[in-house]
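To start, the structure itself, in C-alpha cells.
We're numbering straight along the sequence, starting at 1.
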Amino acid sequence: MEPLPEITALLGEPRFNWSDLAPWIQLERELGVEFPADFRKIVDAYGSIEINGQLYLNHPAGHLLHDLGTMIRMDLELWREEDMAEFLPSPVGAKPGELMPVATATTGEAIFLRVPDDPSSPWRVVVQEFDSPAWTLYEMTFSEWLLAYLKGEDVTVCSRNLAPDRPFWEFLP
C-alpha cells in the first residue's frame, strides 16, 4: 500500500506540491545517487518543513533557505570526520551500503537513508542518536518510517509527547 495518502491523512494536506524535477536532477547528479521515489514524493508534496516541532525535512529547491542539498553537503562533511564516523554502522556517501543524511531532529537524531546494495532492493532508514553512540537500522522505506513516526510509534525519533492530539507541520522559514 502507498503510504502517502495515509501520511497526508495524519499530517494534513500538503501545500508545496512541487513538480519541477530540475532540483532533484541537479542534486542527484552532484551526489551520484538517485533518491527513492517515496522520499521524493513526500518532500515534493510538503517542501522544507518542521513536523511536530521536532523533525526537519528539506526540499532540494535551491531558492529555499533550508534546502536539502546544503543540508546534505554539511552533514556529509560532519559525518566523514574521523571522530564522528565511529558512531555510524557504515560510512556516509552515495555508494551501496553507505548512508545518505536526509533529515534531522531537534531532539538530537540524524536520519539517514541506507543506499541499497542492489538497485532492486529497497532503501532503509538508519537513525543515529547524536547524544550517544547508538544507531538503529529500520527495515522500512522512508515513507513507512515517517508513517510510523506520525502514528507515535517509537522509531528512535518519537512524537507522542510532542504531538499528543495529532501530528502537525509548518514550513521552515
Side-chain angles (χ1 to χ4, degrees), residues 1-73 75-76 92-94 96 98-106 109-127 136-153 155-159 162-163 166-173:
M1 180 178 162
E2 171 67 32
L4 188 56
E6 224 178 324
I7 289 169
T8 301
L10 285 169
L11 199 52
E13 285 300 315
R15 297 191 310 258
F16 193 68
N17 300 312
W18 189 269
S19 61
D20 182 6
L21 296 177
W24 285 109
I25 292 168
Q26 180 180 347
L27 180 60
E28 291 172 344
R29 190 173 294 140
E30 174 189 339
L31 297 173
V33 69
E34 186 175 323
F35 288 95
D38 69 320
F39 176 73
R40 288 174 58 151
K41 281 182 189 177
I42 292 164
V43 173
D44 277 344
Y46 286 95
S48 291
I49 61 172
E50 180 182 44
I51 302 173
N52 298 334
Q54 178 184 32
L55 181 64
Y56 293 106
L57 296 181
N58 296 302
H59 190 275
H63 72 279
L64 298 171
L65 180 60
H66 299 278
D67 72 279
L68 184 61
T70 300
M71 187 223 74
I72 287 175
R73 284 186 288 279
D75 282 1
L76 285 173
V92 293
E98 292 184 336
L99 305 175
M100 182 62 63
V102 294
T104 58
T106 59
E109 296 84 6
I111 295 85
F112 299 85
L113 291 175
R114 185 184 179 282
V115 181
D117 293 320
D118 180 274
S120 63
S121 298
W123 291 65
R124 296 302 185 208
V125 175
V126 172
V127 180
T136 305
L137 169 65
Y138 291 94
E139 294 290 337
M140 308 172 161
T141 63
F142 182 79
S143 56
E144 292 167 341
W145 180 87
L146 182 61
L147 184 58
Y149 166 78
L150 294 173
K151 289 179 174 181
E153 296 174 23
V155 285
T156 307
V157 181
C158 188
S159 66
L162 298 170
R166 67 171 286 127
F168 61 92
W169 65 274
E170 62 185 1
F171 285 116
L172 292 173

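Counted within 6.0 Å of CD on Q26, heavy atoms from surrounding residues, nucleotides or ligands total 12 or fewer; the atom is thus considered open.
In this structure, D75 CG and L99 CG are separated by 12.0 Å, a value rounded to the nearest 0.5 Å. One distance of note links NZ of K41 with OG1 of T8; it measures 11.0 Å at 0.5 Å rounding. From D38, atom CG reaches atom CG of L147 across 11.0 Å, with rounding to the nearest 0.5 Å. Put simply, CD on E34 and CG on L27 are 11.5 Å apart, with the number rounded to the nearest 0.5 Å. Atom CG of L150 is separated from atom CG of L55 by 8.5 Å, given to the nearest 0.5 angstrom. With values rounded to the nearest 0.5 angstrom, L11 atom CG is found 9.5 Å from Y149 atom OH.
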Problem set entry | Steps toward side-chain contact (heavy atoms from CB on, under 4.5 Å) verdict (W145, L113) | CA-CA 11 Å; W145 180 87; L113 291 175; over 6 Å; no
For this session: Begin with the C-alpha distance, continue with both residues' side-chain angles, and end with the deciding distance and a verdict on side-chain contact (heavy atoms from CB on, under 4.5 Å) for Y46 and R15.
Result: CA-CA 6 Å; Y46 286 95; R15 297 191 310 258; over 6 Å; no
Problem set entry | Check against side-chain contact (heavy atoms from CB on, under 4.5 Å), V102 and F112 | CA-CA 5 Å; V102 294; F112 299 85; 5.9 Å; no
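Considering only heavy atoms from C-beta on, P101 stays 4.5 Å or farther from I111 through its side chain. Taking 4.5 Å as the limit, some side-chain heavy atom of Y138 sits within range of a side-chain heavy atom of T156. Between F168 and N52, some side-chain heavy-atom pair lies under the 4.5 Å cut-off. For the pair F142/I42, a side-chain contact is recorded, criterion being any heavy-atom separation below 4.5 Å from C-beta on. Residues L31 and L76 have side chains in contact (heavy-atom distance under 4.5 Å, counting atoms from C-beta outward). Between P116 and D118 the shortest side-chain heavy-atom distance does not fall below 4.5 Å. With contacts defined as side-chain heavy-atom distances shorter than 4.5 Å, the pair W24/V43 qualifies. For the pair L137/R124, a side-chain contact is recorded, criterion being any heavy-atom separation below 4.5 Å from C-beta on.
The two residues D67 and A61 have their closest heavy-atom pair at CB-O, 3.4 Å. Taking both residues in full, the closest heavy atoms of G53 and T106 are given as O-OG1, 3.4 Å, listed atom of the first, atom of the second, then distance. D20 and A22 make their closest contact through OD1-N, 3.0 Å (heavy atoms, listed as atom of the first residue, atom of the second, distance). Nearest heavy atoms, A103 versus L57: CB-CD2, 3.8 Å. Between A94 and G32, the shortest heavy-atom contact is CB-O, 4.0 Å. In terms of heavy-atom proximity, V115 sits nearest to G93 at CG2-O, 3.9 Å.
By the side chain to side chain donor-acceptor pair (under 3.5 Å) test, E98 pairs with no residue at all, sequence neighbours left out. Considering only residues two or more places apart in sequence or on other chains, S19 meets the side chain to side chain donor-acceptor pair (under 3.5 Å) condition with none of them. Partners of L172 under the side-chain contact (heavy atoms from CB on, under 4.5 Å) rule, at least two apart in sequence or in another chain, are S48, E50, Y56, N58, H66. Among residues two or more places apart in sequence or in another chain, the side chain to side chain donor-acceptor pair (under 3.5 Å) test is passed with R166 by none. Every residue two or more places apart in sequence or in another chain that forms a ring-ring contact (aromatic ring centres under 6.0 Å, His included) with F16 is listed here: W18, H59. Take W123 and apply the ring-ring contact (aromatic ring centres under 6.0 Å, His included) test, not counting sequence neighbours, and it matches no residue.
In this structure, E28 pairs ionically with R40, as a charged nitrogen and a carboxylate oxygen lie closer than 4.0 Å.
Between the side chain of E6 and the backbone N or O of P3 there is no donor-acceptor pair closer than 3.5 Å.
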